[in-house]
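Notes follow once the structure below has been shown.
Treat the numbers as computed from the prediction; the structure is a model and nothing was measured. Only this structure's heavy atoms are used, side chains among them; waters, hydrogens and symmetry mates stay out. Naming: A, B, ... by sequence-line order, numbering from 1 per chain.
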4 protein chains.
Amino acid sequence: MTEVGRRGPKRNEQARIAILQATSARVLENGYDQLTIEGVAADARVSKQTIYRWWPSRSALVAECLAERMLLTEFFVPEDSGDLRADVIRWLENIIGFLGSPGNSGLLRSLLIAATENTEVATHLNERLGMWEMLGERFTAAIEADQLPADTPLAELGDALMGALVVRDLRGAGFDNGFAKNLAILLLPA
Amino acid sequence: MTEVGRRGPKRNEQARIAILQATSARVLENGYDQLTIEGVAADARVSKQTIYRWWPSRSALVAECLAERMLLTEFFVPEDSGDLRADVIRWLENIIGFLGSPGNSGLLRSLLIAATENTEVATHLNERLGMWEMLGERFTAAIEADQLPADTPLAELGDALMGALVVRDLRGAGFDNGFAKNLAILLLPA
Amino acid sequence: MTEVGRRGPKRNEQARIAILQATSARVLENGYDQLTIEGVAADARVSKQTIYRWWPSRSALVAECLAERMLLTEFFVPEDSGDLRADVIRWLENIIGFLGSPGNSGLLRSLLIAATENTEVATHLNERLGMWEMLGERFTAAIEADQLPADTPLAELGDALMGALVVRDLRGAGFDNGFAKNLAILLLPA
Amino acid sequence: MTEVGRRGPKRNEQARIAILQATSARVLENGYDQLTIEGVAADARVSKQTIYRWWPSRSALVAECLAERMLLTEFFVPEDSGDLRADVIRWLENIIGFLGSPGNSGLLRSLLIAATENTEVATHLNERLGMWEMLGERFTAAIEADQLPADTPLAELGDALMGALVVRDLRGAGFDNGFAKNLAILLLPA
DNA sequence: ACGTAACCGAGACGGTACGTCTAGTCTTTCA
DNA sequence: TGAAAGACTAGACGTACCGTCTCGGTTACGT
């Protein structure tokens, strides 16, 4: 990855940071569709070319913001208290609390749109929400502990959990109090 | 609503239809982000002003296309064969088949993006995908027939079913063969 | 002109007046190039069609305003005191004073532009500024009184007088104190 | 004024020329009021933004065309044959000939309209028509040669000459044969 | 130490689409 | 049937960004 023996100045790290910060700020404030390269360049006091040199697209900027934890700063890892349902409920409530907090309104929606344009964004989104790897691990552990039938279709289970979150958020309906609990009861055995 | 006794010419219905048809065609062909007012106006052989007179935004056009059933043309009503699981599986497979058919690739993604911009689109989308009107009835019937516990949280059930579809589609992962069946087994009692 | 025996309502004189008043007001305030049919219609609370029905063009409106003395309200007739030069100087100063008064800044320019589009405006402009008919009479009287050589080319004399006013105004240079006097001395014998 | 050491690409001179040529051509062909930025951009094969970047308005384009001698190409310098009247008559006839030639019909009117919108156009127009620079010199020479009284108000003389031309042209009356001669006789001593 | 390759800012450029405005024409309803 | 209200096509307006490009200046490695 690191180009050895190349001439010329090193990549300006300050510029890179400034660009990602400007990107994050704009996504958080106005959403992904209001994100413009020119705006980021202006905010970061950087020339457009410096952005285009390193990122191929708007969505790539967002992907790197995710990778750098400048968006979705929290990493949601389900605990393993022994009680699967309780753990999943807590995990859901954490995410719901994060998405509902003042600074993050519309963030998931923005990221979903970016994710439709860019697979990397989708990957990071899944990772950060702890969806596939972390939740998967928790489920495997649950199967081993006989809290979950061995033939549970884990992919579908994950999609249903995540999907319920997503469609609620997309609909703009907000999350009522019992949502996490009801969903967990519905999908997981006691 | 109906303005009584107003002077002046009536709204040109042909123009309205042509605009919505052009909108639908462009969304289906190139997706929502390639949809431009100028393009629609050109296709519909109408002046831009006629579009701006009646619709405030790009997304409002799409919302009306949905309302007029020019997008998501097929309406999926689950049957009531007495076997809830089987009915839901068939319903899921219908939708999957529709979403996967050549003309509709990316359609859901487009509509979801439009839905993030416009609450009406979101509403129509929820309605159209049959969740509330159609699946709701089926679930109520199932409760009455003791195929579903009376305390099942129907909203969460619907979100989980629909959401699983949505995230799969968004992820671009495609639907494998067992998806509908696995999902139904996961969410519904035998 | 008057259509005899025709049925239906008569032309609405109030509308006509309102249209001309709106036209005059707009020309005086913002100049001829800011004059729009839509603006006049809005000001006069009249439909566009009512304007188009009776006037073929923007400039025709201005022409009628001139004819109705709603623009260039003062009529400049040179006196005949026996002293031609003095009379012309007074006449020039009257016009200069009028053109320079607060409400009329740019008016001549506006009317000149309208005149290039519409012969009627040109005619009215000439009439109203007293040029041809009124100044012509004064010159004829001067010839008879031996204050002006009989072979003076009156058309050129008038053009030179009027033209000097016009180019000064167009240039936006303003009229200095001696202008009227100098011009009269230059063009007329003592 | 000249930006020293500025970075970035230089202004494209070819584009500038093409824009001014397109402007000139359109003014000559269809007059100033038919001049549109979009038309110029299309003719010059240049984007609209390139025009708006460098010129604030339609009239500024015309002003620069005048400054670049792409309009009113011929520069009328009065000769000095020793006979002031004869020189002025020839000068007037040259201008009349130019204004009356097929390609230039309406040109003066166009420029006058532009001049009412833009002081620079007015200035260039005065300059170009030779009044101040060129005719002024001829008059000074005439005063030195005792062909013109030393106290002749040159500004008014110029305005009268130029103004007579202008109002004739604006009136659309055309120039009859004796015009130049009569005017010169009227304004200048033998 | 010098050359040179790459970085960076600034910003011009051809484009596309935006949403607005006005021109004229045409249609409908009221009085 | 005149006038109002206003829908309609047409097309220019001036703005915002796009992604590419060209400069001039500046590192900092490699010979």
Side-chain angles (χ1 to χ4, degrees), chain A residues 3-12 14-16 34-42 44-54 56-58, chain B residues 3-16 34-42 45-54 56-58, chain C residues 6-12 14-16 35-42 44-54 56-58, chain D residues 3-12 14-16 34-42 44-54 56-58:
Chain A
E3 305 175 50
V4 285
R6 63 171 278 297
R7 292 178 194 180
K10 297 272 174 63
R11 175 169 182 184
N12 184 342
Q14 287 182 0
R16 185 179 149 269
Q34 301 268 23
L35 183 70
T36 66
I37 302 281
E38 300 219 328
V40 171
R45 297 178 189 269
V46 138
S47 88
K48 273 199 295 178
Q49 193 54 43
T50 299
I51 299 180
Y52 282 112
R53 197 186 338 269
W54 301 107
S57 65
R58 218 166 51 124
Chain B
E3 304 176 52
V4 285
R6 78 173 262 305
R7 291 177 188 179
K10 295 272 174 62
R11 177 170 181 183
N12 185 340
E13 183 64 13
Q14 288 182 358
R16 184 177 149 270
Q34 300 270 20
L35 182 70
T36 66
I37 301 280
E38 300 217 327
V40 171
R45 296 174 192 269
V46 140
S47 89
K48 271 201 293 178
Q49 195 54 45
T50 299
I51 299 180
Y52 282 111
R53 189 175 359 258
W54 301 108
S57 65
R58 220 166 50 123
Chain C
R6 59 173 279 292
R7 290 180 203 173
K10 297 274 171 59
R11 174 170 183 184
N12 184 340
Q14 286 183 359
R16 184 177 148 272
L35 182 71
T36 66
I37 301 280
E38 299 219 327
V40 171
R45 299 178 187 267
V46 139
S47 86
K48 276 199 292 179
Q49 192 53 42
T50 300
I51 299 180
Y52 281 112
R53 194 175 352 255
W54 302 106
S57 66
R58 217 165 55 124
Chain D
E3 306 177 52
V4 284
R6 87 171 256 305
R7 292 175 187 179
K10 297 268 173 65
R11 176 170 182 183
N12 184 340
Q14 287 182 1
R16 184 177 149 271
Q34 300 270 22
L35 182 72
T36 66
I37 301 281
E38 301 218 328
V40 171
R45 302 186 183 258
V46 139
S47 86
K48 268 202 293 179
Q49 195 55 44
T50 298
I51 299 181
Y52 282 112
R53 194 177 353 260
W54 300 108
S57 65
R58 223 165 46 124

Nearest-nucleotide pick for [X], side chain only, options being [options]:
X: D:Arg7; options: F:dG25, F:dA4, E:dT22; value: F:dG25
X: A:Tyr52; options: E:dG19, F:dC18, F:dT27; value: F:dC18
X: B:Arg53; options: F:dT9, E:dT20, E:dA17; value: F:dT9
X: A:Glu38; options: F:dC18, F:dA5, E:dC8; value: F:dC18
X: A:Ser47; options: F:dC8, E:dG9, F:dC13; value: E:dG9
X: D:Asn12; options: E:dC13, F:dC8, F:dT15; value: E:dC13
X: D:Gln49; options: E:dG15, F:dG19, F:dA12; value: E:dG15
X: A:Trp54; options: E:dC8, E:dA12, E:dT22; value: E:dC8

For [X] and [Y], work out which heavy atoms get closest and say how close.
X: A:Ala41; Y: A:Ser47; result: CB-C, 4.3 Å
X: D:Ile37; Y: D:Ile51; result: O-CD1, 3.8 Å
X: A:Ala15; Y: A:Val46; result: CB-CG2, 4.0 Å

Nearest whole angstrom, please: distance from the [atom2] of [N] to the [atom1] of [X].
X: D:Leu35; N: F:dC13; atom1: CG; atom2: C1'; answer: 13 Å
X: A:Arg11; N: E:dA5; atom1: CZ; atom2: C1'; answer: 17 Å
X: C:Ile51; N: F:dA5; atom1: CD1; atom2: C1'; answer: 14 Å

*Could you tell me whether C:Arg16 sits above the aromatic face of C:Trp54, with NZ or CZ closer than 6.0 angstrom to the six-membered ring centre and within 45 degrees of the axis?*
no
*For C:Arg45 and D:Pro56, take the nucleotide of DNA chain F holding the closest heavy atom to each; which residue's nucleotide lies nearer the 5' end?*
C:Arg45
*Would you say F:dC29 has OP1 or OP2 under 4.0 Å from some side-chain N or O of A:Lys10?*
yes
*Give a yes/no on whether any side-chain N or O of B:Arg6 is located under 4.0 angstrom from OP1 or OP2 of F:dA7.*
yes
*Select from D:Val46 and D:Gly8 the residue whose nearest nucleotide in DNA chain E is closer to the 5' end of that strand.*
D:Gly8
*So which one's nearest nucleotide on DNA chain E is more toward 5', B:Ile37 or C:Ser57?*
B:Ile37
_B:Thr36 backbone acceptor or donor facing B:Arg58 side chain under 3.5 Å_ = no
*Could you tell me whether B:Thr50 contacts a base, only the sugar-phosphate backbone, or nothing, with contacts defined as non-hydrogen atoms closer than 4.0 Å?*
base
*Establish whether the base of F:dG6 is bridged to the side chain of C:Lys48 by a donor-acceptor pair shorter than 3.5 Å.*
no
